[in-house]
Amino acid sequence: MIKTWNQRVWELVRGIPRGRVASYGQLASMLGQPRKARHVGYALHQTPEELILPWHRVINGRGKISFPDYTQQYLLQKAMLEAEEISFQSDDRIDLKVYGWHPSNQ
DNA sequence: CTGGTGACGTCTT
DNA sequence: GAAGACGCCACCA
């Protein structure tokens, strides 16, 4: 059975370790498709209810949560990240220390 | 097959 | 910086 794009995205997101984050663009690049950042987001949007993923560890290329500010989803994602001791700066960007996860550098 | 829809990114004002 | 235009194309109806 050939893997769909969505399935490959889900597998990659599943591998993001606790306490680290990656951007949509980075994940797309890891799949060899640097221009499909948007589809990484779309894939997560399509995640089935029964599939548990650390989706909150995926943020946008500017280091911010990619939901409109102060929506329920935005607040949920921020809370889940803070629960993993991921810190936010005053401008709501993620600390550079945890931004930029890549499989090859753990 | 066709078209609408985007958890994005990059370039241009 | 900010804001807008535009490219990208997998998925679903």
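Since we're looking at a predicted model, the values are computed, not measured. Residue numbers begin at 1 in each chain, while the letters A, B, ... track the order of the sequences.
Between A/Q26 atom CD and B/dT10 atom P there is a gap of 10 Å when expressed in whole angstrom units. The distance from atom CD1 of A/I65 to atom P of B/dC8 is 12 Å, rounded to the nearest whole Å. Atom-to-atom, CG of A/N6 to C1' of B/dT5 comes out at 14 Å; the value is rounded to the nearest Å.
Atom CD of A/Q26 and atom CG of A/L31 lie 12.0 Å apart (nearest 0.5 Å). To the nearest 0.5 Å, atoms CG (A/N6) and NE2 (A/H45) are separated by 11.0 Å.
Scored by the side-chain contact (heavy atoms from CB on, under 4.5 Å) test, A/L76 finds A/W55, A/M80 as partners (sequence neighbours excluded). Every residue was checked against the salt bridge (charged side-chain N to carboxylate O under 4.0 Å, His left out) condition with A/E82, not counting sequence neighbours, and none meets it. A/R57 meets the side chain to side chain donor-acceptor pair (under 3.5 Å) test with A/E84; sequence neighbours excluded. Qualifying side chain to side chain donor-acceptor pair (under 3.5 Å) partners for A/T71, counting only residues two or more places apart in sequence or in other chains: none. Residues forming a salt bridge (charged side-chain N to carboxylate O under 4.0 Å, His left out) with A/D69 (at least two apart in sequence, or on another chain): none.
When atom types are taken as modelled, the side chain of A/Q77 and the backbone of A/V58 share a donor-acceptor pair closer than 3.5 angstrom.
Shown for residues 66-77 of chain A: residues whose heavy atoms fall under 4.0 angstrom of DNA chain B, namely A/S66, A/F67, A/Q73. Contacts between residues 32-43 of chain A and DNA chain C, defined by a heavy-atom separation below 4.0 Å, involve A/R35, A/K36, A/R38, A/H39, A/Y42, listed by number. For the contact set between residues 53-64 of chain A and DNA chain C, defined by any heavy atom under 4.0 Å, there are no members.
Closest non-hydrogen pair, A/I65 versus A/N60, comes out as O-ND2, 4.1 Å. The shortest heavy-atom contact between A/I59 and A/K64 is CB-O, 3.4 Å. Considering all non-hydrogen atoms of both residues, A/I16 and A/P54 come closest at O-CG, 4.2 Å.
Pairs engaging residues 1-31 of chain A under the ring pair (Phe, Tyr, Trp, His ring centres under 6.0 Å) rule: none recorded [sequence neighbours left out]. Sorted by first then second residue, the ring pair (Phe, Tyr, Trp, His ring centres under 6.0 Å) pairs that include residues 66-87 of chain A, not counting sequence neighbours, are A/Y70-A/Y74.
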Please enumerate all protein N or O atoms sitting under 3.5 Å from an N or O of nucleotides 11-13 of chain B, with distances to 0.1 Å.
none

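Under the 4.0 Å criterion applied to side-chain N and carboxylate O atoms, A/K78 and A/D92 are assigned as salt-bridge partners.
By the rule that hydrophobic residues join a cluster once side-chain heavy atoms approach within less than 4.5 Å of another member, A/Y42 and A/V40 end up as members of separate clusters.
Extent of DNA chain C lying under 4.0 Å from chain A heavy atoms, first and last nucleotide in 5' to 3' order, is C/dG7 to C/dC12.
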